[in-house]
J.: 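Supplied in structure tokens, the structure appears directly below.
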Amino acid sequence: MSKAKTFFQCQACGYMSPKWLGKCPDCGAWNSFAEEKKEISSRYSSVVAHIGKSEPKPLSSVKHETGKRIITGINELDRVLGGGIVSGSVILIGGDPGIGKSTLLIQALSRISKKHGIVLYVSGEESPEQIKIRADRLSINSDNIILHAETSLESILHSAVNLRPKVMVIDSIQTIYTEEIMSAPGSVSQVRECAAKLMLFAKKSDLPVFIVGHVTKEGAIAGPRVLEHIVDTVLYFEGDSGHSYRILRAVKNRFGSVNEIGIFEMSDSGLLEVENPSELFLLERPVNASGSTVVATTEGTRTLMVEIQSLVTQTTFGMPRRTTIGVDFNRVNLLIAVLEKKVGMHLGGMDVFVNVVGGLKIIEPSVDLGIITTIASSFKNIPVNPGLFVFGEVGLSGEIRAVAQAENRLKEASKIGFKTAVIPYGNYQKIRGDFGLQISGVKNVQECIEIIFS
Ligand code: TYD
Ligand code: MG
């Protein structure tokens with residue numbers, strides 16, 4: 001016997017209430033409640049139940065199985081995952097529609113199937129014919145890639161048990177439903193329940209599962225935040241429609257670092273790995289223009305050379321405008337104040353615009369010195385030497401602080417042909433060798449401006 005029960009649930013955070021509410025008391029979202037039905041079933045979850053039980057055991061008796069990662073062969077993806085796919089892990093990939101999630105996954109599956117055998121691609125959004133059109137475009141064809149257009153979780157798990165694939169992809173979690181809950185696919189309780197079941201299944205059967213998640217207008221993966229807590233790894237696939245490159249970023253990873261990014265370029269024949277992102281980001285750098293500086297920034301284990309641009313113009317209205325794209329707004333305001341007070345640059349009557357070229361977002365403090373230099377360059381209308389780059393954190397009294405991974409930054413810059421570096425004195429003292437660069441160590445902002453613009 002089972003009895004149906006209805007309740008109302010916030011579609012943003014998963015808060016439950018017996019009555020409809022206009023505003024969620026938990027997350028504060030307005031008009032986010034929807035009616036959900038939950039069937040309280042006495043039937044024990046069938047498929048998952050007989051995959052095997054686990055027993056409590058001492059830590060010392062647990063084997064460390066490092067060799068159990070599946071290498072996809074797409075380096076950018078492997079690195080973001082922390083060195084390949086851990087068996088039994090559940091990986092959520094979020095991103096705007098049309099960004100290339102399905103493309104990335106079918107390309108990864110194709111590589112995996114060549115080395116490891118059968119893989120399963122479950123699509124609740126596209127028919128096998130539509131998937132075939134994409135595969136043809138990517139020149140992918142294989143007997144080992146099994147397509148399954150299905151939305152019932154129970155049937156999906158059933159075919160996974162029968163086929164024993166090496167990797168399974170669920171495209172997307174919002175289209176899947178479990179028969180145990182009456183709510184519509186895509187609702188909070190369905191998404192959460194399906195993800196939890198997939199997680200249990202993945203762990204018990206040692207099968208890695210990729211889950212595609214849609215992103216809402218606000219940029220969060222649709223469905224409750226709990227989805228991010230359930231899974232092992234959360235990746236975001238970003239990029240804007242105006243540019244052809246895409247960035248894969250780990251925001252949570254139980255098996256690796258979250259600082260890693262992977263860079264791809266969307267071409268006519270699918271996603272290509274970008275091995276030298278610095279060259280890509282510096283490709284269209286203006287020659288001898290003021291307000292452009294290159295900084296060496298790090299993302300995880302890799303160094304990127306990125307151009308920071310600025311434009312400083314006379315304010316036409318009373319209040320000066322400050323606009324930033326890709327760097328923190330408050331940070332830029334703080335650095336403008338440092339320039340004003342410590343270097344005597346009168347920016348109070350000036351509009352200041354700062355932009356990171358290529359749509360990157362930099363949160364690392366080493367970009368400070370780049371922002372200082374680019375604003376000073378535009379203010380003075382003097383171009384920065386194109387072979388020069390900077391990095392360093394700037395403090396409130398104008399002092400320049402050392403940053404991590406100085407040698408990696410110098411190496412990367414030297415590799416792509418930079419000649420001169422202006423870096424924190426604290427780093428300058430410690431580096432071994434000059435990496436073929438002419439390096440100046442600076443202690444404060446005044447010194448930096450003097451060296452660059454004299
Ligand atoms: P898709 O992987 O379907 O995106 P998602 O699953 O994230 O919604 O990618 C669709 C977009 O990518 C579409 O706008 C077309 C473009 N694309 C290419 O430019 N080249 C290609 O080879 C492929 C397969 C897609
Ligand atoms: Mg898709």
Side-chain angles (χ1 to χ4, degrees), residues 72-77 80-81 85 90-114 119-142 145-151 153 156 167-177 185-186 190-191 194-195 198 209-223 227-228 231 233-251 261-275 280 358-359:
T72 63
I74 300 178
N75 291 335
E76 299 292 305
L77 176 62
V80 174
L81 290 171
I85 308 166
V90 175
I91 302 150
L92 177 67
I93 297 198
D96 292 333
I99 203 80
K101 301 179 294 295
S102 309
T103 308
L104 176 68
L105 289 173
I106 200 97
Q107 282 184 275
L109 284 186
S110 156
R111 298 277 192 103
I112 296 166
S113 71
K114 278 192 193 128
V119 292
L120 179 60
Y121 183 93
V122 179
S123 181
E125 303 195 331
E126 292 160 308
S127 67
E129 290 73 29
Q130 287 171 314
I131 300 168
K132 176 75 181 162
I133 295 172
R134 180 184 295 115
D136 282 344
R137 197 170 169 188
L138 302 169
S139 321
I140 290 173
N141 198 5
S142 166
I145 304 176
I146 312 290
L147 303 180
H148 193 21
E150 180 57 71
T151 52
L153 184 72
I156 293 168
V167 176
M168 174 160 80
V169 169
I170 307 282
D171 192 358
S172 64
I173 188 76
Q174 278 88 4
T175 56
I176 307 295
Y177 71 97
Q190 277 291 2
V191 166
C194 289
L198 281 168
V209 180
F210 281 95
I211 299 179
V212 173
H214 288 299
V215 164
T216 59
K217 271 191 246 108
E218 289 77 36
I221 293 179
L227 190 54
E228 294 191 9
V231 300
T233 303
V234 180
L235 308 179
Y236 272 93
F237 206 29
E238 324 169 324
D240 55 45
S241 42
H243 290 116
S244 64
Y245 45 86
R246 307 276 182 264
I247 295 170
L248 187 66
R249 191 185 292 279
V251 291
I261 62 168
I263 302 175
F264 296 90
E265 192 182 343
M266 182 62 96
S267 73
D268 287 341
S269 52
L271 290 158
L272 307 175
E273 294 175 57
V274 176
E275 269 152 30
L280 179 81

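We count ligands from 1, going down the list as the structure has it; atoms in each ligand are counted the same way.
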J.: Can you find a heavy atom in the side chain of Asp171 that is under 4.5 Å from one in the side chain of Ile106?
T.: no

J.: Tell me which one of Ser244, Gly100, Gly94 gets a heavy atom nearest to atom 4 (O) of ligand 1.
T.: Gly100

J.: Do any nitrogen or oxygen atoms of Glu126 lie less than 3.5 angstrom from nitrogen or oxygen atoms of ligand 1?
T.: no

J.: Can you confirm whether Ser123 sits close enough to Ile131 that some side-chain heavy atom of one is under 4.5 Å from a side-chain heavy atom of the other?
T.: yes

J.: Go through Leu77 and Ile85 one step at a time and tell me if the side-chain contact (heavy atoms from CB on, under 4.5 Å) criterion holds.
T.: CA-CA 9 Å; Leu77 176 62; Ile85 308 166; 6.0 Å; no

J.: Kindly compute the distance separating CG (Leu104) from CE (Met266), expressed to the nearest 0.5 Å.
T.: 9.0 Å

J.: Specify the protein heavy atom at minimum distance from atom 15 (C) of ligand 1: its residue, its atom name, and the distance to 0.1 Å.
T.: Arg137 NH1, 4.1 Å

J.: Under 4.0 angstrom from ligand 1, any heavy atom of Ser267?
T.: yes

J.: Please test Glu238 against Asp96 for side-chain contact (heavy atoms from CB on, under 4.5 Å), starting from the C-alpha separation and ending with a verdict.
T.: CA-CA 7 Å; Glu238 324 169 324; Asp96 292 333; over 6 Å; no

J.: Mark up the atoms of ligand 1 that fall under 4.0 Å of a heavy atom belonging to Pro97, in ascending order.
T.: 8 (O)

J.: Would you check if the Mg ion (ligand 2) lies under 2.8 Å from any N, O or S atom of Ser102?
T.: yes

J.: Please report which non-hydrogen protein atom sits nearest to atom 6 (O) of ligand 1, along with the residue it belongs to and the distance in Å to one decimal place.
T.: Ser102 OG, 2.6 Å

J.: Can Gly98 be said to touch ligand 1, with heavy atoms closer than 4.0 Å?
T.: yes

J.: Counting from 1, what ligand 1 atoms have a heavy atom of Ser269 closer than 4.0 Å?
T.: 22 (O)

J.: Are the side chains of Glu76 and Ile261 in contact, using a 4.5 Å heavy-atom criterion?
T.: no

J.: Determine whether Phe210 and Lys101 make a side-chain contact, defined as any pair of heavy atoms from C-beta on separated by less than 4.5 Å.
T.: no

J.: Given Met266, Glu265, Arg134, which has its nearest heavy atom closest to atom 24 (C) of ligand 1?
T.: Arg134

J.: With a cut-off of 4.0 Å, which atoms of ligand 1 are near a heavy atom of Gly270?
T.: 21 (C), 22 (O)

J.: Checking Ile74 against Phe264 for the side-chain contact (heavy atoms from CB on, under 4.5 Å) test, could you report, in this order, the C-alpha distance in whole Å, the side-chain angles of both residues, the deciding distance, and whether it holds?
T.: CA-CA 10 Å; Ile74 300 178; Phe264 296 90; 3.7 Å; yes

J.: Any idea which atoms of ligand 1 are less than 4.0 Å away from a heavy-atom of Thr103?
T.: 1 (P), 2 (O), 9 (O), 24 (C)

J.: Looking at Leu138, which atoms of ligand 1 are within less than 4.0 Å of one of its heavy atoms?
T.: 22 (O), 24 (C)

J.: Should Ser172 and Glu125 count as side-chain neighbours, where that means a heavy-atom distance under 4.5 Å?
T.: yes

